[in-house]
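Before any comments, here is the structure.
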Amino acid sequence: RDESLKEAPAIPPSNLSDYFKQFLFPQNECELHNFRLSFSQLKWDKWIIAPHRYSPQYCKGDCPRVVGHRYGSPVHTMVQNIIYEKLDSSVPKPSCVPAEYNPLSVLTIEPDGSIVYKEYEDMIATKCTCR
Amino acid sequence: PHSRARVVPDKTSGLVVAPEDTASELHPLLQLPKSLRRGYALLPPLLKVLSDRGPRNWESEAPRLQPDSRALRYMKRLYKMFATKEGVPKANKSHLYNTVRLFTPCSECKHRHRDLMKGDFHSVDLLFNLDRVTALEHLLKSVLLYSFDTSLPISSSITCMCHLSVKEHDFSSQVCPSISRSIAFSLHFEVRKRKWVKIDVTSFLQPLIATNRRNIHMAVNFTCLMGDPQNTKLEYPINMAPVPPSLLLYLNDTSEQAYHRWNSLRHIRKNPVRPRQRNSPRVDPLGDKGKENPQGKRASRRR
């Protein structure tokens with residue numbers, strides 16, 4: 001907190017609300033991003049019959065310093081952040097990673113010509129966290 | 001294991017794994033260290049390709065046999081019933097299977113006996129190869145799937161007599177006769193727009209599939225009459241040859257990568273907020289492994 005006070009500009013910024021907005025909604029913070037692919041792009045549509053399109057999604061963004069409440073992160077995340085900032089910067093900052101997933105149903109043709117419907121675990125990211 | 005060059009299909013995943021000494025001559029991926037290779041061999045095909053170094057390995061894969069178009073149509077219909085447009089499994093608690101395999105008979109020899117009195121007597125010898133079923137996939141239900149490509153008037157009622165026999169080749173005895181177990185049953189149904197008829201053969205095939213039988217050899221005799229089964233005068237034979245049936249296996253895949261709906265239901269009830277722990281023991285709904293006894297839970301809570 002004292003550091004941010006030092007960084008605070010002596011002259012109050014013209015527009016206070018914009019100034020505080022950066023603390024309330026920091027830019028490119030860790031969050032879930034959309035990504036859609038079709039198996040025909042990978043040329044796998046010869047043996048993957050369904051679904052035609054698959055949205056695995058992904059997590060990207062900076063992990064704020066005080067992550068406790070917002071991301072369901074364990075306290076260890078803040079400890080790791082303090083280690084990075086104060087003790088040893090070779091220790092990586094906490095990363096923005098998926099926390100929860102949805103399964104995916106896939107219909108495929110097997111090499112022997114038989115057809116299989118299978119439900120795979122953890123194939124679509126639905127929630128991000130900092131760890 | 002006898003001949004150097006021979007490769008043995010791995011029972012757990014149905015994938016081909018070469019014995020130690022021939023690995024280097026085979027697929028470059030098989031030169032992985034043993035520990036990696038064992039994990040790799042366990043992967044179902046979809047995850048195997050996702051973990052490959054690049055699609056080129058997969059494109060060099062041997063071309064696949066094309067499936068039967070009727071079977072493909074049926075499985076697409078099943079997919080639409082079980083999954084949303086995005087491919088997410090529908091929260092359908094009624095079924096515990098997370099895998100459905102459809103096999104078309106690999107060889108059939110038709111012996112057609114015409115018997116005008118009883119309709120078109122149609123007997124087919126079928127051989128199903130179940131190599132793709134892995135040891136981690138437990139059978140829950142098996143069904144013979146018939147599709148009637150007939151121009152029968154819609155909503156006509158049909159009665160069929162079906163005689164099913166399975167030929168098991170008993171290698172233990174010297175003479176090695178082919179012992180066949182058989183079952184006969186009648187089937188009455190209305191032909192509507194949908195031309196699929198499913199015959200549940202679970203109890204009949206269970207002993208074979210439970211013993212990891214790779215090939216199932218069965219003979220199916222089919223006699224069908226159309227009209228009112230009560231009033232035989234109105235019945236007349238149908239000159240229809242049902243297409244040889246496919247074999248549908250509804251399985252519960254107990255591997256790590258498969259989706260276990262009862263686990264996620266259990267997880268949501270237990271800790272609705274925290275992300276799921278990855279190393280939670282998979283609970284098999286049919287077995288009782290991994291279940292805590294209520295006393296133990298209460299005791300730990302009291303402590």
Side-chain angles (χ1 to χ4, degrees), chain A residues 32 34-57 59 68-75 77 97-131, chain B residues 14 44-47 49 55 58-59 61-68 71-72 74-76 78-80 82-90 97-104 106 128-133 137 246-247 249-251 253 255-261 263-264 273-276 278:
Chain A
L32 190 68
N34 244 335
F35 189 86
R36 268 172 100 86
L37 66 90
S38 68
F39 288 117
S40 54
Q41 289 169 284
L42 296 166
K43 296 193 181 62
W44 292 347
D45 50 328
K46 294 186 195 65
W47 57 283
I48 297 183
I49 308 162
H52 298 302
R53 274 172 307 286
Y54 164 40
S55 310
Q57 320 299 41
C59 295
H69 59 291
R70 224 176 310 168
Y71 288 95
S73 304
V75 178
T77 309
V97 293
E100 288 193 7
Y101 298 90
N102 262 349
L104 181 75
S105 295
V106 185
L107 191 62
T108 57
I109 301 176
E110 300 270 57
D112 66 350
S114 63
I115 307 170
V116 58
Y117 164 87
K118 244 184 191 314
E119 296 173 349
Y120 288 100
E121 186 89 287
D122 303 343
M123 292 287 279
I124 301 171
T126 55
K127 193 174 169 190
C128 298
T129 183
C130 286
R131 300 249 160 152
Chain B
L46 173 70
L47 302 180
V49 72
W58 200 253
E59 275 159 7
E61 177 75 15
R64 293 156 186 268
L65 299 175
Q66 278 315 303
D68 173 90
L72 203 48
Y74 180 82
M75 289 303 272
K76 284 180 180 174
L78 179 135
Y79 186 87
K80 286 191 186 119
F82 287 171
T84 64
K85 268 206 170 36
E86 291 68 39
V88 178
K90 291 177 182 171
Y97 34 82
N98 51 22
T99 301
V100 181
R101 287 184 181 277
L102 184 141
F103 296 95
T104 40
C106 24
F128 292 102
N129 175 282
L130 308 185
D131 268 346
R132 304 302 303 179
V133 181
E137 291 174 351
S246 301
L247 179 63
L249 300 185
Y250 293 81
L251 304 146
D253 183 343
S255 65
E256 251 323 281
Q257 298 86 15
Y259 172 52
H260 304 277
R261 52 187 79 233
N263 246 10
S264 51
V273 179
R274 289 183 61 77
R276 179 176 47 250
R278 284 303 298 154

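Just so it is clear: chains get the letters A, B, ... in the order the sequence lines come, proteins before strands, and each one is counted from 1. Only a predicted model underlies this, so the values are computations on that prediction, with no experimental measurement involved.
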| Taking it one step at a time, do A/K118 and B/E137 satisfy side-chain contact (heavy atoms from CB on, under 4.5 Å)? | CA-CA 11 Å; A/K118 244 184 191 314; B/E137 291 174 351; 2.8 Å; yes

| said: One pair to check against side-chain contact (heavy atoms from CB on, under 4.5 Å): A/E121 and B/H260. What are the steps and the verdict? | reply: CA-CA 7 Å; A/E121 186 89 287; B/H260 304 277; 4.2 Å; yes

| said: Run A/V116 and B/R132 through side-chain contact (heavy atoms from CB on, under 4.5 Å) and show every step you take. | reply: CA-CA 9 Å; A/V116 58; B/R132 304 302 303 179; over 6 Å; no

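Contacts of A/L107 with chain B are made by both backbone and side-chain atoms, with heavy-atom separations under 4.5 Å. For B/K80, no part lies under 4.5 angstrom from a heavy atom of chain A. For A/I49, the part lying near chain B is the side chain, with the backbone staying farther off; criterion is any non-hydrogen pair under 4.5 Å.
The two residues B/Y79 and A/S105 come nearest to each other via the heavy atoms OH-O, 2.7 Å. Heavy atoms only, all atoms of each residue included: B/L102 and A/S114 are closest at O-CB, 3.3 Å. Minimum heavy-atom separation, A/E119 to B/P89: OE2-CB, 3.8 Å.
Here the CG-CZ distance, from A/D112 to B/F103, works out to 6.5 Å after rounding to the nearest 0.5 Å.
Considering only heavy-atom pairs separated by less than 4.5 Å from chain A, the leading option among B/L249, B/L72, B/D68, B/T104 is B/L72.
Under the ring-ring contact (aromatic ring centres under 6.0 Å, His included) rule, A/Y117 has a single partner from B/Y250, B/F82, B/Y259, B/Y97, which is B/F82.
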